[in-house]
Novice: 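Structure incoming, see below.
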Amino acid sequence: MTVRNMIEALNDAHKVMMERDDGIVVLGEDVGYFGGVFRVTAGLQKQFGTSRVFDAPIAELGIVATAIGMAAYGLRPVAEIQFADYIYPGFDQIISEAGRMRYRTAGEWPLPMVIRTPYGGGIFGGQTHSQSPEAFFAHMPGIKTVIPSNPYDAKGLLIAAIEDNDPVLFFEPKRIYNGPFEGYHDRPVTPWAKHAAAEVPDGHYTVPIGKAAVAREGEAVTILAYGTMVHVALATAEAEGIDAEVLDLRTIVPVDIEAIEASVRKTGRCVVIHEATRTAGFGAELAALVQERCFYHLEAPVIRVTGYDVPYPHSMEWTYFPGPARLGPALRKALED
Amino acid sequence: MTVRNMIEALNDAHKVMMERDDGIVVLGEDVGYFGGVFRVTAGLQKQFGTSRVFDAPIAELGIVATAIGMAAYGLRPVAEIQFADYIYPGFDQIISEAGRMRYRTAGEWPLPMVIRTPYGGGIFGGQTHSQSPEAFFAHMPGIKTVIPSNPYDAKGLLIAAIEDNDPVLFFEPKRIYNGPFEGYHDRPVTPWAKHAAAEVPDGHYTVPIGKAAVAREGEAVTILAYGTMVHVALATAEAEGIDAEVLDLRTIVPVDIEAIEASVRKTGRCVVIHEATRTAGFGAELAALVQERCFYHLEAPVIRVTGYDVPYPHSMEWTYFPGPARLGPALRKALED
Amino acid sequence: MNRETERPNRPALSLHVPEPDARPGDEVDFSHIAIPAAGSVSRPDIAAPASDTHQLVYSLVRVLDDEGAAVGPWDPRLDADTLRRMLRDMMLVRAYDDRMYRAQRQGKTSFYMKCTGEEAIAVAAAHAMDRDDIFFPTYRQQGLLVARDYPLLKMMCQVYSNKGDPLKGRQLPIMYSDRAHGFFSISGNLATQFPQAVGWAMASAIKGDSRIAAAWIGDGATAEGDFHNAVTFAGVYRAPVILNVVNNQWAISTFSGIAGGELTTFAARAVGYGIAGLRVDGNDALAVYAATAWAADRARSNLGPTLIEHFTYRVEGHSTSDDPTAYRPQGAGAKWPLGDPVARLRKHLLLIGEWDEERDASLQERLSAEVRAAQREAEVQGTLGNGHYEDAASMFEDVFEELPWHLREQRDETLRK
Amino acid sequence: MNRETERPNRPALSLHVPEPDARPGDEVDFSHIAIPAAGSVSRPDIAAPASDTHQLVYSLVRVLDDEGAAVGPWDPRLDADTLRRMLRDMMLVRAYDDRMYRAQRQGKTSFYMKCTGEEAIAVAAAHAMDRDDIFFPTYRQQGLLVARDYPLLKMMCQVYSNKGDPLKGRQLPIMYSDRAHGFFSISGNLATQFPQAVGWAMASAIKGDSRIAAAWIGDGATAEGDFHNAVTFAGVYRAPVILNVVNNQWAISTFSGIAGGELTTFAARAVGYGIAGLRVDGNDALAVYAATAWAADRARSNLGPTLIEHFTYRVEGHSTSDDPTAYRPQGAGAKWPLGDPVARLRKHLLLIGEWDEERDASLQERLSAEVRAAQREAEVQGTLGNGHYEDAASMFEDVFEELPWHLREQRDETLRK
Ligand SMILES: Cc1ncc(C[n+]2csc(CCOP(=O)(O)OP(=O)(O)O)c2C)c(N)n1
Ligand SMILES: Cc1ncc(C[n+]2csc(CCOP(=O)(O)OP(=O)(O)O)c2C)c(N)n1
Ligand SMILES: [Mg+2]
Ligand SMILES: [Mg+2]
């Protein structure tokens, strides 16, 4: 057990796995000597050498494509896309190639590879350092999408992702790299050290892909959340004194449908929250699933609390951000109805 | 009035607009001398010259990006992406650039441009000539997404798209270019000539973006559809003898919420159908909207009939295709519940 | 918006749009194409700096002269068995293409693509590389499979999407894939395989392996960003990969000028990245063999990638969906000055006395018989629309290693029908 | 997987990963950098074929010699007023950068990027082009705005995202945009502007206009597919565009070798595409001016695009989020052999007797006063977190020309709070 923030936990996951399996290589922009702009790969090149941890040209297409080639060879590449906002040049290689290779080769060429990328806002990063593009990857077959919300899960899920034999998109909520963020931008940030989930075991362990966690038990309403929004949900439930059950999905594809159904059947009410733009976001999928499968248990419509359908604005970040000020009323509404 | 199939209607829309406005230019792979692999731009280069209608290198990124530059200059480019399956190399330029330019320049640089692309299956095109990626473009701000289902709308909507001052993604259901397709692959195809909507006015007219059409009036259940699926919905309603109301959305962003609400409030039941993969498809957004806004009118959950979450398989196309064999049971279920 | 009026003192700009020299109705004229004499191009040492190859990118490596003699420093000096084997492979590819093309015309499948005139590019390369090297092909290198003795039957079953299709009816005809034969899955998305091949080669280098990779791309597809990323990564990491550009001068209806071939050669791209580059007569099997062997030795010696342009001509239509007479003169292919690769290799074998008309005729007979037999056998397992691969459950397999709940539900819904 | 064991006869491959010659703790050593003497490079005629420029891509166009004299065929022979204006612009850019950098450090905004050492690349180019030509810049060409007299106040308000921000607080600091000044919106997504500039230039040609476009990109970003698409389209359609690669040898923490600069120059990319290419001393304002003017005349004469590599050095950190001492030796920038562009232009003006110390000192004083005044004025309108741009309704505007129902609802929801 060591107290680690999310960056340290992710860094440790790399170390643990790279020591076990010399087929694991790390590539990405600035991940080598420098150790990544968020320091997630710090020290890896020194320990494992330049042929296992190396800087890549600024070419997300090439990063993903060469990772595909490496996985086809038999390695287990872990590629970093510096910001999720910059994953689009590699979109075709992810969607059309990585996601379909096992299928189109009838299983002959599975691609065990991980694409890690920091996502989400709350850091005054403006339109191109704040996006949450997870829904894109949920729409296309063949890709698993994982989003941790704390150091313990971050390490356990990254190890599970590296060991997984399918391509895994691994979204890291950069706003909570150093400490949980409850959405009150004017309050001091508490570091992870003060948080139970920062107790991270040393060595190897996994958190299963496809399994949600009940972050808070409750009877009145179910909140479906992932990443930074898990903390917003917890804080809002407390602040509003609402007996909400908070599900931390942790994986969005395949999503833990059993956990969702169990919770919504129990509470009869559901609020979905994410930072991504609303229209055709993953919240739409969650709302569709819940009403399809729990219709006769629902006492009120599923409410979506999301980023607005506008580019992430720099100076008005806190007007845009779906924090307690927006989740609170939504919860009350869900209970009124 | 002239009887036109969809290709001829789209071709005529180009002609009508290019004769009116010499700022309209057409670019894309094989669109020039040859007139496009589906012949939509046939004859345009001959009539308007090579500097207004020209072949582009096989580089969807460059096609979209240069179109953005042309629109920034003040032209109105109409770019063809040969198949929607090949739009991904241009994804970043569409999502990050075209969709945000008006916003990030505070309105100084609007981008009047149209990206046309044939989409959808039913032609034995396999994994890479059959996709329906409309949901991707619905998720990101700043892009309008239009999908006609017949020659009359195709011409009127394309003219409206060309005249629109925002970037418009124009998806053309290639399966119905030459005739409506009801989803019975074993029956002979009826050409458009036999269809009222093939009566296409000559000259200029528009079909408004953002307005749905009631393709069939009914009281029992609302079917939300677009593109090829409109014909599948109509045929299935007839075949099943169900008094379904079929809404042809025609635009998915901005979607005609009033028409949707009015219909669902009336019928109390709703089935959504699209060819795209289900998870995080646009059907999820429609289901989410309907349950959010018509919850207390709904007598049954909104049902989604969609492509399966697998790559579009070549030989098993008809097992994959969401035709009457799958919509029928869904309608009956919607009525039972 | 026209500024002319405002700036009479300035010349008006105009857009240049490249045009091929002949359109339907015009006389085909290839006289402007510079063809250096066979044997006239020097052959740098394997270990030479990349820059030593940079004058070659504007020329053409050719070995077979008009008489069929192998001349000059690039002559690979192959033994007769290898030469005969290459001739046989090329003839078989052509027989196979003709047969499958007709099968598509007869409605037995949805789609087919021939490589007529380009047989040498795949076949000679396959023989110049080692059996355990890997190929990242496009849809016009069926010759790679033939050269590695991949069963015609399996190829046909894939084309028919029938019960014997190794890809379970999932892929468009001709999108072959076979791991055991080192033939990577063909993608419908052009150019994607190019940087993937570089990644495979990087992996081989990372592991201290000795196997190398080769990739192929068409002239048209070099315009994609994937091409640039591939060559950039290959150069940066000195990846052991051979990057082949098959310049058959057409991309469906657009000629190579639209792909950026008007101002310089495709081999010249190598100069821009500072890697080795060669430009080869793609209809000369010996030249293709020699250039490939040179690049393979170089890659295997840790000296990095080579970009090879294979200069050839797409004799037939782009695919069964295409009619080239709509955009270029009829019979242009027949007039291609670099001739037919099969005929040229045959002529060489005859010239050196290692082949004769009878053997050729009987080989031709054997090969067509082989193809016919394989076709009969394949059709027993069905054709598209007539006993094709149909197994609803399998449609949901291999999306992921294990079937997740949503695919299980979707599968069960289908099976219930 | 290591095949060594299986194939002892074959050498083991290994991955080459480019490394800069100095890391923290090492001595900076630029002695290996080849610097041709000023004036030693020939100047082809504007109408010369692109190939005539291809030997230049391996050299360096330089005008100012060590004494500050302008020498050789590339000397643009500028009048003293223009020289003084360029000096003033470059000094102003530097004063502005220093001020805004400090403002960020004082917590008045979230982010800032300096262009220290690269001032000449933007300023001289702006003066070499016409006022109605358009720029597609990156975040390091603030000099273009200064050279076109864009108000410092507006720039500062954008950096502060305050009430005076012309971009309404929507963009990250330094992502300026101004149509009236022909300065296209800076994108956070690297390289996207490069093919957009080509499209703008194509449009100008389509309309028979006479205006041309110029775009800038960093050495690192040239690896993106956008770069390849831009140069490909520019070459195919002979677009009237100047494609500038600013090679400051760093991309955040990675040196230019990782971007593909180890095997050849970035200017050499032009050879690969068959377009004109120039390689310029980016710290020599006269060389940048001359090369830009040459390329502009060429483009305006319908002779197509020119790729210009500006060889320079990123003296400061990448941005306020970066500490370069973590990956390169301290003070490397100060040792850059091509010197400081401001000092070099000043030296030239002094040498030709068109400038003196007093004027320089008072100009410096005036400029800092100008910057201070603008800053005071800007801060009256707020700084980030302290009276920044805040107008919930406007957050929903300009997504589309008209507000669609879903944005209206979302806006109203926000306003209700
Ligand atoms: C990304 C992408 N864009 C467009 C297409 C459609 N397409 C298929 S083949 C082809 C022409 C390719 O020409 P070339 O690269 O020269 O190869 P060739 O067919 O001549 O062998 C095009 C445009 C595609 N398959 N993928
Ligand atoms: C598509 C994309 N990928 C990655 C980044 C992150 N990023 C911002 S600046 C930068 C380095 C750019 O280096 P270079 O192009 O040399 O320009 P310079 O900063 O040296 O002027 C990177 C990697 C980005 N902004 N966009
Ligand atoms: Mg070709
Ligand atoms: Mg740089």
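A note on names: the letters A, B, ... follow the listed sequences, proteins ahead of strands, and every chain is numbered from 1.
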Novice: Looking at every heavy atom in both C:Gly208 and D:Ala12, which two are closest together, and how far apart are they?
Specialist: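 That would be O-CB, 3.4 Å.
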Novice: So which residue, C:Gly274, C:Gly225, C:Gly272, ends up with the most heavy-atom pairs under 4.5 Å with chain D?
Specialist: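 Looking at each option in turn, the highest pair count goes to C:Gly272.
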Novice: Which heavy atom of D:Arg269 sits nearest to which heavy atom of C:Tyr273, and what is that distance?
Specialist: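 What the structure gives for the nearest pair is NH1-CA, 3.8 Å.
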Novice: Give, as side chain, backbone, both or neither, the part of D:Ala259 having an atom under 4.5 angstrom from any heavy atom of chain C.
Specialist: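 For D:Ala259, the backbone is the part near chain C, not the side chain.
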Novice: What part of D:Ala267 gets within 4.5 angstrom of chain C, counting heavy atoms only: side chain, backbone, both, or neither?
Specialist: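 For D:Ala267, neither part sits under 4.5 Å from chain C.
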Novice: Rounded to the nearest 0.5 Å, what separation is found between the CD1 atom of D:Ile258 and the OH atom of C:Tyr237?
Specialist: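 Interatomic distance, D:Ile258 CD1 to C:Tyr237 OH, rounded to 0.5 Å: 5.0 Å.
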Novice: Identify the heavy atoms of D:Ser210 and C:Pro11 that sit nearest to each other, and give their distance.
Specialist: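 Heavy atoms only, the tightest pair is CB-O, 3.7 Å.
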Novice: For the pair D:His228 (side chain) and C:Thr222 (backbone), establish whether a donor and an acceptor sit closer than 3.5 Å, ignoring hydrogens and angles.
Specialist: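 Answer holds: yes.
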Novice: Tell me, side chain or backbone of C:Ala203 under 4.5 Å from chain D's heavy atoms, or both, or neither?
Specialist: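 The answer is neither part of C:Ala203.
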Novice: So which residue, C:Ile275, C:Val231, C:Thr232, C:Asn229, ends up with the most heavy-atom pairs under 4.5 Å with chain D?
Specialist: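 That would be C:Asn229.
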Novice: Most heavy-atom pairs under 4.5 angstrom with chain D, which of C:His54, C:Glu224, C:His16, C:Arg300?
Specialist: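 Of the candidates given, the most pairs with chain D belong to C:His16.
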Novice: With heavy-atom distances below 4.5 Å as the criterion, would you say the side chains of C:Arg238 and D:Leu263 are in contact?
Specialist: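 SC-SC contact between C:Arg238 and D:Leu263 confirmed.
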Novice: With a 4.5 Å cut-off on heavy-atom pairs, point out which of D:Gly235, D:Ala223, D:Pro18, D:Gly260 contacts chain C the most.
Specialist: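 Of the candidates given, the most pairs with chain C belong to D:Ala223.
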Novice: Report the distance from atom OG of C:Ser14 to atom CG of D:Asp209, rounding to the nearest 0.5 Å.
Specialist: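 Result: 12.0 Å between the selected atoms.
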Novice: Check whether D:Phe227 gets within reach of chain C through its side chain, its backbone, both or neither, counting any heavy atom under 4.5 Å.
Specialist: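 Side chain of D:Phe227 only, per the 4.5 Å heavy-atom cut-off to chain C.
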Novice: Evaluate the side-chain proximity of C:Glu262 to D:Val236: yes if any heavy-atom separation is below 4.5 Å, no if none is.
Specialist: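 Side chain of D:Val236 against side chain of C:Glu262, heavy atoms only: no contact under 4.5 Å found.
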